[in-house]
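For reference, the structure discussed in these notes is given below.
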Amino acid sequence: MEVDKVVRLPRLSRVAVCGGTHGNELSGVYLVRELLKGRKEVMEKEKKNEVEEKEQQQQQQQPPSVLAVLANPRAVEQCRRYVDTDLNRCFTHAALKGPSSGAVPYEVIRSRELNATLGPKGGPGAVELVCDLHNTTANMGLCLIAYSDRDWICLHIFRHLQRQMPDIPMRYIHFDVSNKETYSLDSVGKHGFAMEIGPQPHGVVRSNVYAAMKAGVQHMLDWVCFFNSGSTFEGEYVDVFTMIKHIDYPRDSETRNITAAIHPRLQDRDFCLLRPEDPLFQTFSGETLRYEGNEALYPFFINECAYYEKGIALSLARKRRVMVPAIRVQTEERAQVDEAGVEE
């Protein structure tokens, strides 16, 4: 595809900003609470006709309708990652359409409620964009995680954030999963990504991490307004990290207890190239275990606290450059012309 050829895409009428999918990842929890509080205040002012001039300006910019969603309220209330099972793995088509009788985990019930509100997943009535807010204990900076490396909306948003927040390390992570198997909340929207920011301990909110997330969400919403108002976004190249595999900790063959920790030379070095024979783990007896792969890859989610239960010590990605075309909103007039051309 030519990078300077303009691709026209439908307007983003509704954007969902979700926090608390994991109840102990607090930046998103508090940010969504602030958004909900702010929305309530705006509604009160609108009733009093105190923002007429601002509304006229916003209509010119064609802002989206923003839905702020606290995804897992029970887990948030208990400050736990989840109550019964990981909500961020409950959005496969099988889980959403599974049996409703018997002992159904709370998070599965909640995923179906969210799918009804924001979806249905894969349907024409789904919200145009879902931004799901997460924290990680790994030293990953700000990452957008998406299932597609050809979603031009998500990739242009990522580049906008990079330009607006140059002091924050930022990467675009691609999870190459088929549409039938996409499992996280962001997959409910027509476009979607997780905004992952760290390091931050679970159950804790750090002001700098919260501020970075707040700025990222605001820049994302600003971009949507620019897009809806007819701005053209030039084509460019973007570095994409495609996840290749996970590596588990060394474990005792009988007890399954881990027998080593991340090596000190690797700890906190997310997205620094890991080469064959580089130190990978350090056993509790002091021995160094080295990376036995044949290919140099980029580690991320290094020593993520929540992944101990999933058997993941780190993930590895391959980096490549993706050519992203220029895009512009598709006007109603243009859509009618395109449809007429198809009919002919």
Side-chain angles (χ1 to χ4, degrees), residues 9 11-21 25-46 51 53-71 118 127-136 140-146 151-173 185-186 189-198 200 205-233 238 327 329:
L9 298 169
R11 183 176 183 269
L12 304 174
S13 301
R14 295 169 299 161
V15 176
V17 179
C18 306
T21 298
E25 296 177 9
L26 298 188
S27 293
V29 171
Y30 285 106
L31 181 51
V32 164
R33 284 174 173 168
E34 285 298 301
L35 290 173
L36 291 169
K37 177 182 175 182
R39 179 58 184 162
K40 182 179 179 181
E41 292 173 351
V42 168
M43 291 177 65
E44 291 175 351
K45 289 182 180 179
E46 287 175 349
V51 291
E53 182 178 348
K54 182 177 180 181
E55 286 177 343
Q56 292 175 352
Q57 180 181 3
Q58 288 179 336
Q59 287 171 3
Q60 294 174 359
Q61 296 177 342
Q62 299 190 43
S65 172
V66 179
L67 294 77
V69 179
L70 198 61
L118 305 179
V127 297
E128 280 71 29
L129 177 63
V130 175
C131 171
D132 192 25
L133 305 174
H134 290 265
N135 290 122
T136 174
M140 287 172 52
L142 189 157
C143 297
L144 297 194
I145 305 176
D151 189 317
W152 310 137
I153 293 290
C154 294
L155 284 159
H156 272 285
I157 289 173
F158 172 72
R159 281 297 292 128
H160 182 69
L161 265 61
Q162 280 188 314
R163 287 189 291 267
Q164 297 299 318
M165 305 169 68
D167 296 332
I168 296 181
M170 203 171 297
R171 286 95 176 182
Y172 188 98
I173 302 174
L185 174 55
D186 53 278
K190 294 175 182 176
H191 307 274
F193 57 83
M195 183 182 292
E196 188 92 43
I197 306 184
Q200 177 172 282
V205 59
R206 292 180 54 178
S207 59
N208 63 320
V209 175
Y210 173 85
M213 180 176 284
K214 182 177 181 180
V217 169
Q218 186 58 59
H219 289 312
M220 179 266 294
L221 294 175
D222 290 343
W223 184 91
V224 173
C225 287
F226 298 147
F227 174 76
N228 286 344
S229 66
S231 298
T232 298
F233 298 90
V238 174
I327 66 170
V329 70

Residue list, ring pair (Phe, Tyr, Trp, His ring centres under 6.0 Å) with F193, at least two apart or on another chain: none
Test V205 against V29 for side chain to side chain contact (heavy atoms under 4.5 Å, CB included), laying out the working first. CA-CA 9 Å; V205 59; V29 171; over 6 Å; no
Atom pair CG/NZ of D151 and K190 - distance to nearest 0.5 Å: 13.0 Å
Taking side chain as C-beta onward, heavy atoms only, is I168 less than 4.5 Å from L161? no
Can you confirm whether Y210 sits close enough to E34 that some side-chain heavy atom of one is under 4.5 Å from a side-chain heavy atom of the other? yes
Look at the aromatic rings of H156 and W223 and report parallel, tilted or perpendicular, splitting at 30° and 60°. parallel
Roughly how far, to the nearest 0.5 Å, is NE2 of H219 from CZ of F158? 14.0 Å
What is the minimum heavy-atom distance between V329 and N228, and which atoms define it? CG1-O, 4.2 Å
On a heavy-atom basis, the closest approach of D186 and I145 is OD2-O, 4.4 Å
I need the C18 SG to L31 CG distance, nearest 0.5 Å. 11.5 Å
Give every residue pair that meets the side chain to side chain donor-acceptor pair (under 3.5 Å) criterion with at least one member in residues 161-170, sequence neighbours excluded. R159-Q162, R163-E236
Are N135 and R206 side-chain neighbours, meaning at least one heavy-atom pair lies under 4.5 Å? no
Main chain of G198, side chain of T136: is a donor-acceptor contact present, judged purely on distance under 3.5 Å? no
Is any side-chain heavy atom of F233 closer than 4.5 Å to a side-chain heavy atom of F226? yes
Does any N or O in the side chain of E25 come within less than 3.5 Å of the main-chain N or O of H134, such that one atom is a donor and the other an acceptor? no
Nearest 0.5 Å please: distance from the CE atom of M220 over to the CG atom of L12. 10.0 Å
Salt bridge (charged side-chain N to carboxylate O under 4.0 Å, His left out) involving R171 - partner list, sequence neighbours excluded: none
Pairwise side-chain contact, L133 with S27, heavy-atom cut-off 4.5 Å (strictly under): no
Decide yes or no for V130 and H191: does some side-chain heavy atom of the first lie under 4.5 Å from some side-chain heavy atom of the second? no
If you define the side chain from C-beta out and look only at heavy atoms, does anything of I157 sit under 4.5 Å from F227? no
Say you draw a straight line from CE of M165 to NE2 of H160; how long is it, rounded to the nearest 0.5 Å? 10.0 Å
Taking the side chain as every heavy atom from C-beta outward, state whether C225 and P64 have any atom pair closer than 4.5 Å. yes
Identify the heavy atoms of M140 and E196 that sit nearest to each other, and give their distance. CE-CG, 4.4 Å
Return the CD1 to CG distance between I197 and L144, rounded to the nearest 0.5 Å. 9.0 Å
Taking all atoms of both residues into account, what is the closest heavy-atom pair of S13 and E128, and its distance? N-OE1, 3.5 Å
Show the nearest heavy-atom pair for residues A212 and L142, with the distance to one decimal. O-CD1, 4.1 Å
